[in-house]
Amino acid sequence: QVQLVESGGGLVQAGGSLRLSCAASGRTLTLAWFCQPPGKERQFVAAISGSGTTTFYADSVKGRFTISRDNAKNTVYLQMNNLKPEDTAVYYCAAQINYYRKYESRDDYDYWGQGTQVTVSS
């Protein structure tokens, strides 16, 4: 059983920055962030391999968001810069515990955090 606890969400003006954190208990492989904008389905944002050497991003956040992990602390981070109103969403941390899963598919993640709200005002 893996528990994921997110923190760091909040209200920020457009162009500002936020850093999300997700502390994991237990062994994890790929860790990822998904977001769910109001009235929309949950969608992929970024993922990082178990070693931290490989990262993946949705096109909409490339160049603005950076995912990283500290395996000593079993924590994954999402640094979000140059935030836009369309980034407003609930952000969820997700973990895979098996190999050979698709990093961008929410159905391939085994555990989820409770979510943290990010609101970007214009």
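Residues take their numbers from the sequence shown, with the count starting at 1. Every heavy atom of this structure was used, including side-chain atoms; hydrogens, water molecules and symmetry mates were not. Everything numeric here is computed off the predicted structure, so don't read it as measured data.
- Pairing each heavy atom of Gln43 with each of Pro37, the nearest pair is NE2-CG, 3.9 Å.
- When all heavy atoms of Ser122 and Ala14 are compared, the pair lying nearest together is CA-CB, 4.4 Å.
- Applying the disulfide (SG to SG under 2.5 Å) test to pairs two or more places apart or on separate chains, none has a residue in residues 49-89.
- A ring-ring contact (aromatic ring centres under 6.0 Å, His included) with Phe56 is found for one member of Tyr103, Trp33, Phe44 and no other, namely Tyr103.
- Counting only residues at least two apart or on different chains, no disulfide (SG to SG under 2.5 Å) pair has a member in residues 39-75.
- The minimum heavy-atom distance linking Ala32 with Phe34 is given by the pair CB-CE1, 3.9 Å.
- Partners of Ser17 by side chain to side chain donor-acceptor pair (under 3.5 Å), not counting sequence neighbours, listed by chain and number: Asn81.
- Screening residues 51-63 for salt bridge (Lys or Arg N to Asp or Glu O under 4.0 Å) gives Asp59-Lys62 as the qualifying pairs, with residues at least two apart or on separate chains.
- Minimum interatomic distance between Gln114 and Val5 (heavy atoms only, all atoms of both residues): OE1-CA, 3.9 Å.
- In terms of heavy-atom proximity, Leu4 sits nearest to Cys93 at CD1-O, 3.7 Å.
- Applying the side-chain hydrogen bond (donor to acceptor under 3.5 Å, both in side chains) test to every pair with at least one member in residues 18-32, sequence neighbours left out, gives these pairs: Thr28-Arg69.
- The two residues Ala46 and Tyr57 have their closest heavy-atom pair at CB-CD2, 3.7 Å.
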Asp110 vs Arg101, test: salt bridge (charged side-chain N to carboxylate O under 4.0 Å, His left out). Steps then yes/no. CA-CA 10 Å; Asp110 302 291; Arg101 298 288 191 92; 3.5 Å; yes
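- Taking 4.0 Å as the cut-off between side-chain N and carboxylate O, Asp87 and Arg64 count as a salt-bridged pair.
- By the criterion of side-chain heavy atoms lying less than 4.5 angstrom apart, applied directly or through intervening Ile, Leu, Val, Met, Phe, Trp or Tyr residues, Ile67 is grouped together with Phe65 in one hydrophobic cluster.
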Let me see the working for Glu86 and Thr88 under side-chain hydrogen bond (donor to acceptor under 3.5 Å, both in side chains), right down to the final yes or no. CA-CA 5 Å; Glu86 52 264 42; Thr88 295; over 6 Å; no
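- Residue pairs meeting the salt bridge (Lys or Arg N to Asp or Glu O under 4.0 Å) criterion with at least one member in residues 33-42, sequence neighbours excluded, are Glu41-Arg106.
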